[in-house]
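Structure first, commentary second.
Each residue takes its place number in the sequence, starting with 1. Atoms considered below: every heavy atom in the structure, side chains included; atoms not considered: hydrogens, waters and symmetry mates.
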Amino acid sequence: MDPSADTWDLFSPLISLWINRFYIYLGFAVSISLWICVQIVIKTQGKNLQEKSVPKAAQDLMTNGYVSLQEKDIFVSGVKIFYGSQTGTAKGFATVLAEAVTSLDLPVAIINLKEYDPDDHLIEESWDYRYEPLGPANIHCLDMDIHSFLPEEMVMDLEHGSPIPWRLQRFKTISNTKYNSYWVTSKNVCVFLVATYTDGLPTESAEWFCKWLEEASIDFRFGKTYLKGMRYAVFGLGNSAYASHFNKVGKNVDKWLWMLGAHRVMSRGEGDCDVVKSKHGSIEADFRAWKTKFISQLQALQKGERKKSCGGHCKKGKCESHQHGSEEREEGSHEQDELHHRDTEEEEPFESSSEEEFGGEDHQSLNSIVDVEDLGKIMDHVKKEKREKEQQEEKSGLFRNMGRNEDGERRAMITPALREALTKQGYQLIGSHSGVKLCRWTKSMLRGRGGCYKHTFYGIESHRCMETTPSLACANKCVFCWRHHTNPVGTEWRWKMDQPEMILKEAIENHQNMIKQFKGVPGVKAERFEEGMTVKHCALSLVGEPIMYPEINRFLKLLHQCKISSFLVTNAQFPAEIRNLEPVTQLYVSVDASTKDSLKKIDRPLFKDFWQRFLDSLKALAVKQQRTVYRLTLVKAWNVDELQAYAQLVSLGNPDFIEVKGVTYCGESSASSLTMAHVPWHEEVVQFVHELVDLIPEYEIACEHEHSNCLLIAHRKFKIGGEWWTWIDYNRFQELIQEYEDSGGSKTFSAKDYMARTPHWALFGASERGFDPKDTRHQRKNKSKAISGC
């Protein structure tokens with residue numbers, strides 16, 4: 001055997017491999033590449049499967065800073081309606097809104113802010129805590145712990161109940177549960193119905209909520225994103241007659257929520273109790289208009305549609321938020337844009353239902369870098385544009401203060417809701433701004449059970465007295481108002497006006513119809529029933545401010561032509577009207593306090609210059625020749641310690657008489673803080689009168705009506721020959737007023753020309769204590785029950 005051939009056979013395979021080594025390398029490369037590809041595909045599939053389960057929350061949390069796990073196709077899970085009410089209007093609106101939301105098949109919760117603690121629960125309106133049972137499909141992905149994608153300081157153990165200083169800590173896990181318990185952005189929509197009360201303050205029920213919200217909005221520990229997940233809308237209730245703080249609470253709540261990061265779903269609504277300035281004619285109509293817009297917006301949110309909120313920078317007439325159609329956006333993208341907008345926008349952000357104050361050019365100028373010296377010119381230009389816009393709106397009939405309805409007529413003072421409320425209280429409403437009601441003392445005297453204090457002091461026949469008013473509106477909201485502030489308020493006449501002839505005619509007819517209802521009632525005296533059908537006296541003190549009525553002088557003349565005496569009460573806020581007033585039988589001025597601070601506290605006037613108006617009214621009273629009266633209402637702990645100040649006011653107006661009456665408690669009212677504790681005892685009123693008389697030497701105590709907790713102080717000129725002449729000769733007055741009218745006002749007369757002697761039983765110190773012995777006093781079985789009087 002050839003040894004060389006054996007060697008060749010041994011190395012020939014190696015040589016062949018060497019010669020074909022390229023193909024071998026290529027095969028190895030292809031194999032490794034295939035292996036790598038297979039591994040990549042496997043890992044990609046696992047990652048996609050993992051992202052379809054819980055790690056979606058982790059990604060959102062790391063990229064956006066919040067958890068956005070959402071239930072499929074659910075964009076609104078419910079509505080929470082918060083209300084802060086004093087008189088019950090906001091509460092009623094909450095009920096109406098809840099009914100409308102329920103029609104959309106959404107759960108609704110109505111919450112009284114008085115029973116709500118924002119410190120514990122407000123954050124819950126931004127985030128929902130969810131618990132979802134684990135399924136077989138996502139068990140494999142639970143090997144990943146929350147610490148793998150969240151910084152340690154961002155994790156809070158739910159069991160410890162640690163404080164939550166910032167939004168990323170809302171994502172929680174419970175021991176051994178990991179991803180089946182988590183926090184997500186709330187799908188609720190919160191609605192706040194808040195009223196503005198005295199001096200622009202919130203109502204008592206919303207006081208703590210507003211205080212907490214204000215402090216939180218400026219507390220750096222809460223920050224701009226504390227309520228980032230909340231969606232909200234605000235409707236404010238107010239009265240534009242209080243111009244300096246109209247709807248202040250609604251504006252503040254809107255602003256504070258925005259500052260804490262909450263998202264406004266629609267512009268703030270503003271309801272106005274002033275029917276003249278109300279955009280839709282009444283606060284109820286304002287709310288209905290806002291409610292319609294809110295329900296429409298809520299329906300859009302339910303469908304996942306999102307309308308871009310106006311930030312105030314749109315060009316005039318081209319606001320993107322008002323364009324037709326909807327804009328669908330990713331949740332994370334929308335909130336990122338909003339956060340960026342919050343960080344870059346400097347101006348106060350809250351919207352209102354009013355018109356835009358600035359045009360696009362003005363905003364552009366203000367947001368650009370400008371020289372300080374040019375800033376004044378820019379602001380002047382802005383103010384000029386605003387004035388021109390208001391003038392243009394006024395000329396075109398769009399100016400709200402005109403108080404016109406769709407037909408161009410002035411609006412009626414009595415709205416449908418007000419008409420319903422006053423009718424329930426027993427008012428017989430006349431036309432668009434007047435009313436009449438039967439006094440309880442009229443009923444009492446019909447049955448022979450005694451008359452009112454005017455019967456004791458001035459000889460009025462109470463069963464023949466008609467209590468009415470040609471103006472339900474008033475310029476004050478007194479704490480002791482026995483009508484519980486159901487009447488409108490205003491500082492001037494801007495309503496539709498009825499003619500005095502119609503008012504008087506219907507007032508007498510309504511009064512007679514109410515008297516007729518007592519026919520056949522047990523105890524009613526036949527002769528007094530017949531007399532009661534003929535009105536002899538008119539007390540213009542029912543409610544409101546009669547002197548506001550522009551035709552008050554014509555109305556008074558009509559009364560006197562019908563041989564009806566006139567007792568007119570004014571709240572001392574209209575001095576010019578008092579000076580221009582024609583003679584009346586007796587003119588009253590309510591002197592509810594003797595200092596500026598106490599008057600503001602008790603009367604709560606609308607006028608800013610209320611104190612000067614008050615003093616001018618008293619001065620105007622001093623020049624009147626007919627009978628004048630100060631009417632003092634004592635409220636214990638509020639105005640009973642101001643004797644010296646009262647004495648000074650007496651010298652200012654020099655009235656003929658001073659009525660001092662303890663405040664009448666008319667039951668609990670959310671519109672007033674008055675309680676039985678503020679009602680003075682009759683002995684306390686007597687003591688006050690004694691002390692006051694000591695400071696005004698020209699006056700003495702003349703009469704007393706214990707049942708009304710009232711005393712009369714009279715000027716000594718009415719004490720003739722040791723006898724008091726406080727009563728009125730009504731027939732003589734009618735003669736004098738007729739002569740005055742016939743002479744064109746040249747033949748005047750004074751209070752002493754128609755006075756009459758006061759009977760003994762009406763005098764202070766008499767055993768009857770002011771009760772007419774002709775009648776029989778009737779004591780109620782329940783003596784503890786408070787009985788209101790006129």
Q: Kindly indicate whether the side chain of V79, heavy atoms from C-beta on, has any atom under 4.5 Å from the side chain of L104.
A: no
**Q.** I123 vs Y226, side-chain contact (heavy atoms from CB on, under 4.5 Å): CA-CA, chis, key distance, verdict
**A.** CA-CA 7 Å; I123 187 61; Y226 180 74; 3.7 Å; yes
(Q) Tell me the closest heavy-atom pair linking A98 and I110, and the distance in Å. (A) CB-CD1, 3.6 Å
Q: Could you check if a side-chain atom of N112 sits within less than 4.5 angstrom of a side-chain atom of S205, using non-hydrogen atoms only?
A: yes
Q) Once you round to the nearest 0.5 Å, how far does NZ of K303 lie from CD of Q299? A) 6.5 Å
(Q) To check you understand the geometry: which heavy-atom pair defines the closest contact between S77 and P107, and what is its length? (A) O-CG, 3.1 Å
Q) Out of E207, E214, E215, which residue meets the side-chain hydrogen bond (donor to acceptor under 3.5 Å, both in side chains) rule with K211? A) E215
Q. Say you draw a straight line from CG of L113 to CH2 of W208; how long is it, rounded to the nearest 0.5 Å?
A. 13.0 Å
Q. Taking all non-hydrogen atoms of both residues, which atom of A90 and which atom of G84 are closest, and how far apart?
A. CB-O, 3.8 Å
(Q) Parallel, tilted or perpendicular: which one describes the rings of W290 and F294, with boundaries at 30° and 60°? (A) parallel
(Q) I'd like to check F287 versus I283 (side-chain heavy atoms, cut-off strictly below 4.5 Å). Are they in contact? (A) no
Q) Is the side chain of E125 donor-acceptor paired with the backbone N or O of C190 at a distance under 3.5 Å, no angle test? A) no
Q. Could you walk me through whether K291 and F235 pass the side-chain contact (heavy atoms from CB on, under 4.5 Å) check?
A. CA-CA 9 Å; K291 182 194 69 173; F235 181 83; over 6 Å; no
Q | Spacing of M259 atom CE and K224 atom NZ [to the nearest 0.5 Å] | A | 9.0 Å
Q) Taking the side chain from S282 and the backbone from A285, do they hold a donor-acceptor pair closer than 3.5 Å? A) yes
Q) Closest approach of M230 and L257, non-hydrogen atoms and distance? A) SD-CD2, 4.1 Å
Q: Grab the two heavy atoms, one from G250 and one from V234, that are nearest each other, plus how far apart they are.
A: O-CG1, 3.6 Å
Q. Listed by chain and number, what are the ring-ring contact (aromatic ring centres under 6.0 Å, His included) partners of H280, not counting sequence neighbours?
A. none
Q | Reported CZ-to-CD1 distance for the pair F28 and I24, which is rounded to 0.5 angstrom | A | 7.5 Å
Q. For G271, does its backbone N or O pair with a side-chain atom of N247 as donor and acceptor, under 3.5 Å?
A. yes
Q. So, the side chain of T196 versus the backbone of K248: is there a donor-acceptor pair under 3.5 Å, distance only?
A. yes
Q. Tell me, do R231 and K187 make a side-chain contact under 4.5 Å, heavy atoms counted?
A. yes
Q: Mind checking the NZ-CH2 spacing from K251 to W256? Nearest 0.5 Å is all I need.
A: 13.0 Å
Q: Locate the shortest heavy-atom distance separating S278 from D286; write the atom from each residue and the value.
A: OG-OD2, 2.7 Å
Q. Any salt bridge between D272 and K277, counting N to O under 4.0 Å?
A. no
Q: Write out all pairs satisfying side-chain hydrogen bond (donor to acceptor under 3.5 Å, both in side chains) with one or both partners inside residues 89-111, taking only residues at least two apart or from two chains.
A: T87-T89
**Q.** pair V249-L201: side-chain heavy atoms closer than 4.5 Å
**A.** no
Q: Measure the spacing between CZ of F192 and NZ of K80 and express it to the nearest 0.5 Å.
A: 10.0 Å
Q | L213 and N252, any side-chain heavy atoms less than 4.5 Å apart | A | no
Q. Between Q39 and I36, does a side-chain contact (heavy atoms from CB on, under 4.5 Å) hold up when you go through it step by step?
A. CA-CA 5 Å; Q39 295 299 319; I36 292 173; 5.7 Å; no
**Q.** Y116 and L122, any side-chain heavy atoms less than 4.5 Å apart
**A.** yes
Q: Evaluate the side-chain proximity of L298 to L106: yes if any heavy-atom separation is below 4.5 Å, no if none is.
A: yes
Q. Do NZ/NE/NH1/NH2 and the carboxylate oxygens of E284 and R288 come within less than 4.0 Å?
A. no
Q. How about W212 and F222: are their ring centres within less than 6.0 Å of each other?
A. yes
Q) Can you name the residues that form a ring-ring contact (aromatic ring centres under 6.0 Å, His included) with Y232, not counting sequence neighbours? A) none
Q.
Are Y83 and F93 an aromatic pair, judged by ring center distance below 6.0 Å?
A. no
